[in-house]
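Below, all heavy atoms of this structure are taken into account, side chains as well, without hydrogens, waters or symmetry copies. By convention here, the first residue in the shown sequence is residue 1.
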Amino acid sequence: MRHPKVTIVGAAGGVGSSLAHLLITAPDAYEIALIGRDTRSVACLLMDSESLAPLGRPPVVGHGDTGDFHDSDIIVITASVPLTAWAPRADSMSANAEVVHPYFREITKVSADWRGHVIVVTNPIDVLSGWLRRHTHFGRSRILGYSWNDSLRLRVAVARALGEDAADITAWVIGEHGDAFVPLFGHVLSKGRHVRVSARQRESVLAELRDFYTRWGRLGRARTTVWTTASGVARMIHDLTHGRSADWTASVALNGEYGLSDVNVGVPVTMDARGVLRVVEWGLDEAEHTALHQAASLVRQRVDGLGAL
Ligand SMILES: NC(=O)c1ccc[n+]([C@@H]2O[C@H](COP(=O)([O-])OP(=O)(O)OC[C@H]3O[C@@H](n4cnc5c(N)ncnc54)[C@H](O)[C@@H]3O)[C@@H](O)[C@H]2O)c1
């Protein structure tokens, strides 16, 4: 029986190795190809995974290369330059563009019949996923920048402000996965019902979000939020490979939605095994609309700056 195939680029890193671990131990079986510049660390992961066999089904995991792209259902890009203690995501743009460049070039060569999806996790995701999308022949529905952490963090902060359980809250962040993020306070649900978030509660939510990065930065470690990210990406992979129709935010190319075109920014989307089916257009207030357009123009400018792939 063929299992969905997932190729992880940057597999020895924090996000890549956590994602591999989640997929290896998931109830659904995947075939996993690991690509990493640190080939010895990838070899360690492979040896490590062999010892899981007595616990259940043997993991189907191997050392990969770009040849694996052609029959992958999902390609996840997590390769990046070494992280610095805390710097804005856009700071690593040029260096990360160089890192992902050879992989993106190979992705542009997959056949027109390819039905897989690319999930870009490497920052800055909006710029890099937009750069790739401009150079591929397959449509916007199959290149996704992973931005869901922002919405998860917003849910936690909203729950605290409302005195509710985070699992009951649905709330979304759109815009850039970076400083130009746009939290949508007008679309917060608690147990599926619309709730009003007062001006004071919004302030406390925004303060908590800002404080998250301050506290993280103060820890002075070159780490990213690998558990949240790997969990979110694993869930996205599950939905894409098992055809579960679900609502997400992801950085995708807009074709006129929200008055924007030819630019990747985080927006609400519905997707299933075919990828992004629809960009959901919610009514935005003036401030949100302006912030989204500012984020888009920043991203477009940066993609233009990267030039040809
Ligand atoms: N989108 C999000 O929400 C989100 C969340 C967390 C991290 N990130 C981003 O994901 C990226 C990875 O984060 P991390 O914590 O795993 O970093 P990390 O430094 O732990 O891992 C990066 C890995 O990429 C590898 N690498 C470098 N150059 C490579 C190349 N040419 N080919 C293959 N592999 C190569 C490195 O050896 C390393 O193992 C970063 O850009 C980070 O900012 C994004």
Side-chain angles (χ1 to χ4, degrees), residues 9-10 66 69 75-84 86-110 112 114 117-150 173-183 224 248-269 275-276 278-281 284 286-309:
V9 178
T66 52
F69 289 174
I75 301 167
V76 187
I77 304 290
T78 73
S80 89
V81 288
L83 307 159
T84 48
W86 181 251
R89 297 171 177 103
D91 278 15
S92 52
M93 182 178 76
S94 308
N96 275 347
E98 262 182 53
V99 167
V100 300
H101 181 265
Y103 301 106
F104 280 11
R105 295 271 305 169
E106 289 305 315
I107 290 171
T108 64
K109 294 179 195 160
V110 299
W114 187 63
H117 300 92
V118 184
I119 302 175
V120 178
V121 182
T122 304
N123 276 312
I125 57 152
D126 306 285
V127 176
L128 297 180
S129 57
W131 193 40
L132 174 63
R133 191 254 319 156
R134 273 196 188 171
H135 295 88
T136 52
H137 47 74
F138 42 88
R140 67 166 180 168
S141 62
R142 292 194 276 128
I143 300 175
L144 301 147
Y146 174 80
S147 63
W148 203 43
N149 289 5
D150 299 328
V173 170
I174 63 170
E176 189 212 10
H177 176 59
D179 294 340
F181 73 99
V182 186
T224 63
W248 282 88
T249 49
S251 187
V252 299
L254 297 180
N255 284 343
E257 296 92 350
Y258 293 101
L260 292 164
S261 290
D262 189 31
V263 65
N264 281 52
V265 278
V267 283
V269 295
V276 173
R278 197 164 70 88
V279 170
V280 185
E281 282 197 84
L284 303 182
E286 201 181 321
E288 291 164 348
H289 178 87
T290 306
L292 179 64
H293 278 245
Q294 278 169 350
S297 105
L298 193 74
V299 170
R300 187 182 284 113
Q301 222 177 339
R302 289 177 176 159
V303 177
D304 289 346
L306 288 179
L309 186 61

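Listed by chain and number, the residues in a side-chain contact (heavy atoms from CB on, under 4.5 Å) with H101 are R105, W131, L309 (sequence neighbours excluded). Partners of E288 according to the side-chain contact (heavy atoms from CB on, under 4.5 Å) rule, which considers only residues two or more places apart in sequence or in another chain, are V182, L184, L284, D285. For T136, there are no side-chain hydrogen bond (donor to acceptor under 3.5 Å, both in side chains) partners at least two apart in sequence or on another chain. E281 pairs by the salt bridge (charged side-chain N to carboxylate O under 4.0 Å, His left out) definition with nothing, not counting sequence neighbours. F181 meets the ring pair (Phe, Tyr, Trp, His ring centres under 6.0 Å) test with no other residue; sequence neighbours excluded. Evaluation of the side-chain hydrogen bond (donor to acceptor under 3.5 Å, both in side chains) rule for D91 yields no partner, not counting sequence neighbours.
Other residues, nucleotides and ligands place more than 12 heavy atoms under 6.0 Å from the CG atom of N255.
Atom NE2 of residue H177 and atom CG of residue N264 lie 14.0 Å apart, to the nearest 0.5 angstrom. Between the NZ atom in K109 and the NE2 atom in H137 there is a gap of 11.5 Å [rounded to 0.5 Å]. In this structure, L128 CG and R302 CZ are separated by 11.0 Å, a value rounded to the nearest 0.5 Å. In this structure, the separation between CD on E176 and OG on S251 is 9.0 Å, given to the nearest 0.5 Å. The distance from the CG atom of L132 to the CD1 atom of I107 is 5.5 Å, given to the nearest 0.5 Å.
Counting heavy atoms from C-beta on, the side chains of V99 and S80 never come closer than 4.5 Å. I125 places a side-chain heavy atom less than 4.5 Å from the side chain of S147. Side-chain atoms of V265 and I174, non-hydrogen and from C-beta on, never get closer than 4.5 Å to each other. Side-chain contact check for V267 versus V280: every heavy-atom pair is 4.5 Å or farther apart. Between W114 and F69, every side-chain heavy-atom pair lies at or beyond the 4.5 Å cut-off. A heavy-atom distance below 4.5 Å is not found between the side chains of L298 and Q294. Residues D262 and R133 form a side-chain contact, since some pair of their non-hydrogen atoms from C-beta on lies under 4.5 Å apart.
When each of V9, N149, V76 is tested with V121 by the rule side chain to side chain contact (heavy atoms under 4.5 Å, CB included), just one qualifies, namely V76.
For the pair R134 (side chain) and G307 (backbone), a donor-acceptor distance under 3.5 Å is absent. Within the 3.5 Å criterion, the main-chain N or O of V276 finds no donor-acceptor partner in the side chain of H117.
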V110 and F138: CA distance, side-chain angles, deciding distance, side chain to side chain contact (heavy atoms under 4.5 Å, CB included) verdict | CA-CA 9 Å; V110 299; F138 42 88; 3.6 Å; yes

Give the C-alpha distance, both sets of side-chain angles, the deciding distance and a yes or no for side chain to side chain contact (heavy atoms under 4.5 Å, CB included) between F104 and I77.
-> CA-CA 9 Å; F104 280 11; I77 304 290; 4.0 Å; yes

Decide yes or no on side chain to side chain contact (heavy atoms under 4.5 Å, CB included) for V100 and V120, but give the supporting numbers first.
-> CA-CA 10 Å; V100 300; V120 178; over 6 Å; no

Kindly determine whether I143 and S129 satisfy side chain to side chain contact (heavy atoms under 4.5 Å, CB included), including the steps that lead there.
-> CA-CA 7 Å; I143 300 175; S129 57; 4.1 Å; yes

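Taking each heavy atom of A296 and V263 in turn, the nearest pair found is O-CG2, 3.4 Å. Considering every non-hydrogen atom in both L144 and A250, the closest pair reads CD2-CB, 3.9 Å.
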